[in-house]
Asker: 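Right, I'll just put the structure down here and ask away after.
Position 1 is the first residue of the sequence; numbering continues from there. Because only heavy atoms are used, hydrogens play no part in the values below, and waters and symmetry mates are left out as well, while side chains stay in.
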Amino acid sequence: METKGIRILTHASAFFAPYLVPIIVFFITNDELVKRLAIQAILFQIVLGILIWISIVLSILLIGIPFLIIFGLIWFVVPILGILAAIRDEHYEYPIVKHFF
C-alpha cells in the first residue's frame with residue numbers, strides 16, 4: 001500500500017484539521033509507521049496547544065510573548081518539515097513528542 005500520500009495528508013492536516021485527520025488515518029491504515037505518525041501528530045498538536053495557552057496566560061505578565069512567538073513558529077514550521085520529508089519518502093518524527101510514543 002502506498003503511504004506517501006497519507007503521510008503528506010497527516011502532516012498537512014495541522015493547518016486545517018489537526019485532530020480529526022490523524023484520528024481517521026490511525027483507524028483506516030494498517031501500516032504501523034503511519035499509525036505511529038498519526039499518534040505523534042495528535043500528541044504534537046496537544047502539547048503545542050498547551051504550551052501556547054500557557055504562553056498566552058504568561059503574556060499578561062509580558063514573560064510569555066517570546067514563548068508565544070517561538071511556539072507559533074514551531075507550530076508552523078514542523079508540519080512543513082514533515083511534509084517535505086514525506087515528499088522525499090523519508091521517515092519523520094515530530095521533535096517534541098517522538099519519545100512519547
Asker: How long is the straight-line distance from OG1 of Thr29 back to CD1 of Ile6, given to the nearest 0.5 Å?
Answerer: 5.0 Å
Asker: Take Phe71 and Trp53, measure what ring pair (Phe, Tyr, Trp, His ring centres under 6.0 Å) needs, and give me the verdict at the end.
Answerer: CA-CA 10 Å; Phe71 295 143; Trp53 274 106; over 10 Å; no
Asker: Is it true that a side-chain atom of Arg7 and a backbone atom of Asp89 form a donor plus acceptor pair closer than 3.5 Å?
Answerer: no
Asker: Where do Ala17 and Pro22 come nearest, in terms of heavy atoms and distance?
Answerer: O-CD, 3.7 Å
Asker: Between Phe44 and Ile74, is there a side-chain heavy-atom distance shorter than 4.5 Å?
Answerer: yes
Asker: According to a 4.5 Å side-chain heavy-atom criterion applied to Ile, Leu, Val, Met, Phe, Trp and Tyr, with indirect links allowed, do Ile42 and Leu33 form part of one hydrophobic cluster?
Answerer: no
Asker: Linking I/L/V/M/F/W/Y whenever any side-chain heavy atoms sit under 4.5 Å apart, do Val57 and Ile54 land together?
Answerer: no
Asker: If every non-hydrogen atom of Ile8 is compared with every non-hydrogen atom of Ile87, which pair is closest and at what distance?
Answerer: CD1-CG1, 3.7 Å
Asker: Looking at every heavy atom in both Ile65 and Ser59, which two are closest together, and how far apart are they?
Answerer: N-OG, 3.6 Å
Asker: Out of curiosity, Leu9 CG to Thr3 OG1, how far, rounded to the nearest 0.5 Å?
Answerer: 12.0 Å
Asker: Within this structure, what is the NE2-CG distance for the pair His91 and Leu37, rounded to the nearest 0.5 Å?
Answerer: 7.5 Å
Asker: I'd like to know if Ile50 and Ile60 are part of one continuous hydrophobic network [Ile/Leu/Val/Met/Phe/Trp/Tyr, side-chain heavy atoms within less than 4.5 Å].
Answerer: no
Asker: Please verify the inter-ring angle class for His11 with Tyr92; under 30° counts as parallel, over 60° as perpendicular, anything in between as tilted.
Answerer: perpendicular
Asker: Are more than 12 heavy atoms from other residues, nucleotides or ligands located less than 6.0 Å from atom OH of Tyr19?
Answerer: yes
Asker: Would you say Phe67 and Leu51 make side-chain contact, with heavy atoms under 4.5 Å?
Answerer: no
Asker: Given 3.5 Å as the limit, does a donor-acceptor pair link the side chain of Lys35 with the main chain of Asn30, or not?
Answerer: no
Asker: Determine yes or no for a side-chain-to-main-chain donor-acceptor pair under 3.5 angstrom, with Gln40 supplying the side chain and Tyr94 the backbone.
Answerer: yes
Asker: Could you tell me whether the side chain of Ser13 and the main chain of Thr10 form a donor-acceptor pair under 3.5 Å?
Answerer: yes
Asker: For residues Val21 and Phe16, report the shortest heavy-atom separation together with the two atoms involved.
Answerer: CG2-CE1, 3.8 Å
